[in-house]
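Here's the structure, in structure tokens; my notes come after.
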Amino acid sequence: MNIKFCGAAQTVTGSQILLGINGRKILLECGLFQGRRAESYERNLNFLYDPSEVDAVILSHAHIDHSGNIPNLVKQGFKGSIFATPATIDLCKIMLRDSAFLQEKDLEWVNVIRRRQHLPEMPPVYTIGDVERAMDLFVGVDFNREFTVAPGAVAMFRDAGHILGSAGIHLEIDGAGPNGKPLRLGFSGDIGRPNLPITNDPNVLRDLDMLIMECTYGNRHHDGFGEVEEELATAIRETAEHGGKVIIPSFAVGRTQILVYVLHKLFNQNRLPEIPIYVDSPLACDATSVFRDYLHYLDRETKRVFLDGEEDPFGFSRLTYIHDVDGSKKLNGQTFPHVIISGSGMAEGGRILHHLRNNIDNPKTLLLFVGYAAKDTLARKIIDGEKVVKIFGEDHNVRCRVKVMDAFSAHADRRDLLDYVDLNDPARLKHIFLIHGEPDQAISFKDALRSKGYQNVYFPGLGDTFDVGKGEFV
């Protein structure tokens with residue numbers, strides 16, 4: 001058995017792990033790499049393996065950095081099954097279509113420039129047609145049910161508590177352990193945080209021999225969620241009092257629904273000013289409909305606060321969901337205070353770019369970041385304090401106020417990650433591989449794990465391969 005790290009290796013995007021098990025190739029995740037346009041295009045277009053040789057894919061959840069390159073995998077010859085939870089499949093139906101649409105729209109602008117420079121046009125990594133072919137290969141498996149992915153290899157999804165349908169993956173592989181015993185391999189996916197609304201607390205993978213885990217926030221502690229409601233209400237009140245807008249770049253799946261949940265709660269408690277709130281994202285609108293189809297997946301707090309009173313957690317009178325382009329454009333002419341929640345969360349595409357272009361130079365505007373921003377993304381540049389940024393290829397001065405609230409993060413922080421591993425005995429858990437983290441987060445977390453007795457902790461690079469039988473990289 002071997003493990004090849006083909007994505008999310010020493011970075012936080014493009015998750016892809018290729019397992020060689022009993023002569024079969026099993027791919028964990030197939031995400032899009034996000035970063036500089038040229039680098040992203042090349043990395044997403046080209047795989048570190050032959051897609052036609054992959055026998056099956058196991059997908060932890062629907063976020064694009066985990067699922068977004070599946071249509072390209074199919075386009076390049078993959079014909080096997082793609083295992084995911086039913087909620088993940090329903091979210092992928094809309095997210096992958098949206099990804100294809102955004103790629104085509106983004107390249108329309110790029111290709112205008114390339115034609116002017118007498119350069120060949122760049123085709124999208126995949127199209128809507130590739131998405132439709134990929135969706136035919138999905139196989140739904142609910143939490144806590146075993147399924148066979150290769151001869152002698154049985155998998156199970158455990159609720160990861162990250163977004164709707166997200167899962168950690170437990171694999172038991174015959175004959176791959178010491179002395180020919182079964183080997184228990186865990187793949188964390190993205191680990192959620194305990195005590196967040198909407199999602200259940202993570203169901204930790206236990207009794208493992210090996211663990212592949214994310215470490216996005218391996219050296220950071222989030223602010224407690226208990227204070228986030230008043231902090232958000234205060235930010236909105238203060239901005240409205242000065243006649244400004246609050247613009248929130250937000251991931252359409254997971255983050256937007258948590259924001260709406262909290263805003264609904266604040267609305268019911270009369271803690272918000274009398275201003276309209278807009279969710280301006282077709283993807284977020286469609287994703288919220290999927291959330292409504294899976295209310296039985298939601299946590300007890302959501303049921304107590306809203307569902308027991310037969311209220312929709314994701315809708316209230318001051319909130320408007322905007323699907324169409326005309327409705328989005330009308331927001332540009334509104335000069336009175338209001339809140340706009342729009343995608344994408346890293347401000348790399350979608351309608352948020354139009355709102356930033358029209359408002360980023362206004363000192364009355366509050367630009368509120370509520371999620372992780374990868375290196376080289378527009379969101380990260382603004383968070384890091386750059387005073388001039390490019391939007392649609394043009395320079396814009398950052399004169400708006402900028403605020404970061406990481407308490408909304410659906411990723412486990414350092415404490416949560418350590419707690420997750422702690423439920424496994426160091427005497428049994430012999431190897432831990434850290435992925436989906438930048439070096440400053442992973443290296444510190446690696447040291448923390450070693451101090452707890454987990455001696456073989458690795459931070460593999462792109463393309464590195466670990467031979468399980470030999471217990472070393474080859």
Ring centers of Phe187, His170 separated by less than 6.0 Å
no
For Phe147 together with Phe157, are the ring centres under 6.0 Å from each other?
yes
Looking at Gly14, is its backbone amide N or carbonyl O close enough to the side chain of Asp65 to form a donor-acceptor pair, meaning the two atoms are under 3.5 Å apart?
no
Any side-chain donor paired with an acceptor under 3.5 Å for Gln257 and Thr288?
yes
Using 4.0 Å as the upper bound for N to carboxylate O, is an ion pair formed by Lys381 and Asp376?
no
Determine whether the side chains of Ser409 and Arg255 contain a donor N or O and an acceptor N or O closer than 3.5 Å.
no
Distance-only polar pair, side chains of Thr127 and Asp130, donor-acceptor under 3.5 Å
yes
Centroid separation under 6.0 Å, is that true for the rings of Tyr217 and Tyr372?
yes
Leu368 vs Ile247 side-chain heavy atoms within contact, under 4.5 Å:
no
Just by distance, no angles: are the side chains of Tyr278 and Ser328 close enough, under 3.5 Å, to form a donor-acceptor pair?
no
For a quick check under 3.5 Å, do Tyr126 and Asn44 share a side-chain donor-acceptor pair by atom type?
no
Does Lys105 form a side chain to side chain contact (heavy atoms under 4.5 Å, CB included) with Gln103? I'd like the steps, not just the answer.
CA-CA 5 Å; Lys105 286 297 180 183; Gln103 285 183 55; over 6 Å; no
Check: Glu214 side chain, Thr216 main-chain N or O, donor-acceptor pair, under 3.5 Å
yes
Between Glu53 and the options Lys79, Arg24, Lys25, the salt bridge (Lys or Arg N to Asp or Glu O under 4.0 Å) test singles out Lys25
Give the intermediate values and the outcome of ring-ring contact (aromatic ring centres under 6.0 Å, His included) for residues His354 and Phe392.
CA-CA 9 Å; His354 297 276; Phe392 295 124; 4.8 Å; yes
Can you check whether Val457's main-chain N or O pairs, donor with acceptor, with Arg450's side chain at less than 3.5 Å?
yes
Note, Val54 side chain near Leu18 side chain (heavy atom, < 4.5 Å):
yes
Which of these, Asp98, Asp280, Asp324, sits in a salt bridge (Lys or Arg N to Asp or Glu O under 4.0 Å) with Arg351?
Asp280
Quick test of your reading of the model: are Glu132 and Arg97 salt-bridged, counting only N-O distances below 4.0 Å?
yes
Centroid-to-centroid, Phe433 to Tyr458, below 6.0 Å?
yes
Classify the ring geometry between Phe251 and His63 as parallel (under 30°), tilted (30 to 60°) or perpendicular (over 60°).
tilted
Taking C-beta and beyond as the side chain, do Leu429 and Leu211 meet within less than 4.5 Å on heavy atoms?
yes
Indicate whether the side chain of Ser281 and that of Ser342 have a donor and an acceptor atom separated by less than 3.5 Å.
no
Taking atom NZ of Lys364 as the centre, does the number of heavy atoms from other residues, nucleotides or ligands within less than 6.0 Å exceed 12?
no
So, Phe5 versus Phe466, ring centres under 6.0 angstrom or not?
no
Judged by atom type as modelled, is there a donor-acceptor pair below 3.5 Å linking the side chain of Asp209 to the main-chain atoms of Arg184?
yes
Are His66 and Asp190 packed together at the side-chain level, in the sense that at least one heavy-atom pair is separated by less than 4.5 angstrom?
yes
Does atom CZ of Phe101 have more than 12 heavy-atom neighbours, drawn from other residues, nucleotides or ligands, at distances under 6.0 Å?
no
